[in-house]
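Because the structure is predicted, anything quoted here is derived from the model rather than measured. Every chain is numbered from 1 and lettered A, B, ... according to where its sequence line falls, protein lines coming before strand lines.
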There are 4 protein chains.
Amino acid sequence: MVDQGEEPPVEPPSEPIDKPRRRRKEARPQEIIAAGLAEFAERGFAATRLEDVAARAGVVKGTIYRYFDSKETLFEAALSSGVGPAFESLPDIVADHDGSTFDLLRLLVVRLYETLFLPEVELLARIIISEGHRFPAVAELYHRILIGKGRDILRRIIERGLARGELSPSPLSATPEVLIGPVVMAIVWNTTFDRLDPIEPKRFLEAHLDLLEKALGRNG
Amino acid sequence: MVDQGEEPPVEPPSEPIDKPRRRRKEARPQEIIAAGLAEFAERGFAATRLEDVAARAGVVKGTIYRYFDSKETLFEAALSSGVGPAFESLPDIVADHDGSTFDLLRLLVVRLYETLFLPEVELLARIIISEGHRFPAVAELYHRILIGKGRDILRRIIERGLARGELSPSPLSATPEVLIGPVVMAIVWNTTFDRLDPIEPKRFLEAHLDLLEKALGRNG
Amino acid sequence: MVDQGEEPPVEPPSEPIDKPRRRRKEARPQEIIAAGLAEFAERGFAATRLEDVAARAGVVKGTIYRYFDSKETLFEAALSSGVGPAFESLPDIVADHDGSTFDLLRLLVVRLYETLFLPEVELLARIIISEGHRFPAVAELYHRILIGKGRDILRRIIERGLARGELSPSPLSATPEVLIGPVVMAIVWNTTFDRLDPIEPKRFLEAHLDLLEKALGRNG
Amino acid sequence: MVDQGEEPPVEPPSEPIDKPRRRRKEARPQEIIAAGLAEFAERGFAATRLEDVAARAGVVKGTIYRYFDSKETLFEAALSSGVGPAFESLPDIVADHDGSTFDLLRLLVVRLYETLFLPEVELLARIIISEGHRFPAVAELYHRILIGKGRDILRRIIERGLARGELSPSPLSATPEVLIGPVVMAIVWNTTFDRLDPIEPKRFLEAHLDLLEKALGRNG
DNA sequence: CATGAATGAGTCTTCATTCAT
DNA sequence: GATGAATGAAGACTCATTCAT
């Protein structure tokens, strides 16, 4: 997932043998997007220079315009590119599972840590956190994703818990987003203070799970 | 609290009443800083035009340079300006208090919600979240503040709880930052999705306290 | 001579005749330099506007920055551009010559008048005289040239004269630069008073040679 | 001559004793002019900042405008200020003198070296050389001075020499300015190369006189 | 008179975007 | 398609000049 990475210098050996040039060309847009993602995450939208994106993608500034109408178009393309892969695998964990509510939450939370700290996803996260406010379309896209894939699952877990009698109605069950607050904090902390005092995701995850277990009970 | 931000709180009471102009002059840097804060929070550092900052402050572009050497200098001044007021009142709550660990945490968390959702502080928060990564000096400043004032209190609350036997060593007590994760999430969420789906701080606070109470016990 | 200044003297004779645009592009930097030289000579470095340089070169302000990093870079490029051509042909006149010292000096001085009053060289001279003091790099460049090519020849002429017994040691032979003082005066005079009361180089040259002849003797 | 110098920090002891303040104020324009002279010589007209002139004069930028209408007005005032003193003492040397032509020339040339290398006069010279071309009024002023006081004397010396039979008509006697070329060269050289390779006026003067003597004969 | 805050026109420099080759 | 030269609209910053105190 999201593995289009930075530069695939080794051409896929499984394919015939010709088309090394062809291959390259078809990959162009992806390479430009990957370069854009990296630059936008590093400098922010306004401070990113297309010249640098081009250099990182190994092309020339003008070439970007063959694939994207404008800097903004590239920006939105870059932000859309990783959305699917990044959050795709979440939904089905609730449906067929018969553990406790805590078990389900643990599954969700562990998955969140695994996903959100992937290098590519961190880039995305940094951009959304930095620029989301300035780009309504971006905010809306991610809001839809996070609601659709994330918040929704959370609510379904809670509803299931209530239905099974493992939980009882409370302010917490009414606003279950609170339960994943720590992982958001970890992401944001690492976005800003990564150079000074980075959070160790593993350690944070353990404490997070400890908190959930204490609050819900191992079987609650 | 924190409202001393904009205007020097001590006005010269000895002087007559005239000198509206004089008054104005002394306030200039503060007015420019306030305008800068608003613009930087709205558009980010790179996309903010000094022209707009000036207009908002009711002066002309060149005037900014009487007080600040460069756009960057103004940026840093703006970010430093609210630091003290915003976090000053936190420290002393632990020292003389004889409630349970949960009571103390509740005090801290309530205070955090009260402070962080003040309009001025929200501006600061947005800027730090958006630009902190690009401005090491800013990141360092706030890291120092947050560590010194925030994390420190948290750790002292935990230590006190351990000493009083209300808590026992666990992953959570080793990484107590997790406990305030939800408030960070709320801030960040509102920073990005304020226009689409804002979080109601009060409701979030209740759920947050509910979580803490469930996890620590009312007396734990 | 020295007229290769503006345009690369060797035009590609092999190519057809079209490509007027291509032709243009390769010449751009030279055109900008020529325009810069003219403007800098007319107004001085500080008062020259890149906008005017661009207009004179038939391009747009931004284009200058494709070739030169800054106004200062262009300035230095312009001053370096003409150095070689302007002083290149001097050196070899001493080596193989069997006339008297005066004959040699006459050759040198005539050549100096011919060279220094060429329109392009006058521009250079004006800039060096005006701005040399403010641009150490420029001063050093021309000092090296003038010493290497000019002063050196002068000294060799004198040494040759001493060796041949045409001259005898004296304050003048110790400081032979004095011998070319008049031509420097003529240049400077014309730089400043060209509009009021220009010096006629030819008349000045005659008087200068008259002075040298009287001082050294036709055969001395 | 030209002794208004840079900063007269010691108040004239011959005057009474009071009025130290009064004195200061009356001297203001002169102090500003002196400061302007120094700055204009150092940086040229366009690059000189009135702020720096003010600082050097120990006043505030606005104060300059109490005495001078504009930067240009100050410039012209500064350039006029030293003219009289600098060239005043030249004229009378020809009238009553009964030495040879060479003797007279020697007097003139020695006086030129003495005058032109005075620190204050060097400042003036540098400015005229640098900016004269851009300021017709300045060029005209100095042209009048130099013609009136300098060239004129030279011509009278030559005429006297012709009349006395010490000289005979020649290109040199028709263009006697050539005779003082070396001193101009020395000034210009020192203006540009003062930091790299300054000319020693004394040594140059000796060689210059040697040249004149050789050309005219001690008694010619 | 002097101050110094304020102004605003001007200039360098950057960079997204276009376009001929 | 790709290139890279050229464009032109901004925007940061400077500084001569003005003006209220």
Side-chain angles (χ1 to χ4, degrees), chain A residues 21-22 24-26 28 45-54 58-74, chain B residues 18-22 24-26 28-29 32 46-54 57-74, chain C residues 18-22 24-26 28-29 32 46-54 57-74, chain D residues 21 24-25 28 45-54 58-74:
Chain A
R21 184 176 198 106
R22 182 80 182 209
R24 195 75 201 289
K25 279 186 178 167
E26 275 157 15
R28 276 281 152 81
F45 177 79
T48 289
R49 299 167 7 162
L50 249 20
E51 181 101 39
D52 292 340
V53 174
V59 298
V60 145
K61 205 171 21 162
T63 304
I64 294 178
Y65 284 86
R66 199 139 292 280
Y67 300 102
F68 305 96
D69 285 345
S70 68
K71 190 184 180 184
E72 198 158 340
T73 305
L74 169 61
Chain B
D18 58 350
K19 305 209 184 193
R21 181 156 204 118
R22 184 82 183 197
R24 200 74 198 292
K25 274 183 185 171
E26 275 155 17
R28 274 285 145 81
I32 293 170
T48 289
R49 301 174 347 167
L50 249 19
E51 179 107 36
D52 293 339
V53 174
V59 298
V60 138
K61 214 178 357 171
T63 303
I64 294 178
Y65 287 88
R66 179 156 298 280
Y67 300 102
F68 305 97
D69 285 345
S70 67
K71 190 182 179 183
E72 196 157 343
T73 305
L74 169 61
Chain C
D18 60 349
K19 304 209 186 190
R21 180 155 206 122
R22 184 81 184 197
R24 201 75 196 293
K25 275 184 184 169
E26 276 157 15
R28 274 285 144 81
I32 292 170
T48 289
R49 301 176 345 170
L50 249 20
E51 180 106 37
D52 293 339
V53 174
V59 298
V60 139
K61 214 177 0 171
T63 303
I64 294 177
Y65 286 87
R66 180 155 298 279
Y67 300 101
F68 306 96
D69 285 344
S70 67
K71 189 183 178 182
E72 197 158 340
T73 305
L74 169 61
Chain D
R21 184 175 198 105
R24 195 76 201 289
K25 280 187 177 168
R28 276 280 152 82
F45 177 78
T48 289
R49 299 167 7 162
L50 249 20
E51 181 101 40
D52 292 339
V53 174
V59 298
V60 143
K61 205 171 21 163
T63 304
I64 294 177
Y65 284 86
R66 200 138 293 278
Y67 301 102
F68 305 96
D69 286 344
S70 69
K71 190 183 180 184
E72 197 158 341
T73 306
L74 169 61

| request: Looking only at non-hydrogen atoms, find the nearest pair between Ile64(C) and Leu50(C) and report the distance. | output: CD1-O, 3.6 Å

| message | Using OP1 and OP2 only, check whether a side-chain N or O of Tyr67(D) sits under 4.0 Å from dA2(E). | response | yes

| message | Walk along nucleotides 7-13 of chain F from 5' to 3' and tag each nucleotide B, S or - by protein heavy-atom contact under 4.0 Å, base first, then sugar-phosphate. | response | BB--SBB

| Contacts of Glu51(D) that satisfy salt bridge (charged side-chain N to carboxylate O under 4.0 Å, His left out) - sequence neighbours left out | Lys61(D)

| task | For Phe68(D), enumerate each residue passing the ring pair (Phe, Tyr, Trp, His ring centres under 6.0 Å) test, keeping only those at least two apart in sequence or located in another chain. | result | none

| request: Check side-chain hydrogen bond (donor to acceptor under 3.5 Å, both in side chains) between Arg66(D) and all other residues, then give those that pass, not counting sequence neighbours. | output: none

| said: Among residues at least two apart in sequence or on other chains, which ones pass side chain to side chain contact (heavy atoms under 4.5 Å, CB included) with Phe45(A)? | reply: Phe40(A), Lys71(A), Glu72(A), Phe75(A), Glu131(A), Phe135(A)

| What stem regions, each of at least 3 consecutive Watson-Crick or G-U pairs below 3.5 Å, can be found for DNA chain F? | E:2-21 with F:2-21

| query | Closest heavy-atom contact between Tyr65(A) and Ser70(A)? | reply | CE2-CA, 4.1 Å

| remark: Here the distance between atom P of dT11(E) and atom CG of Leu74(C), to the nearest Å, is 16 Å

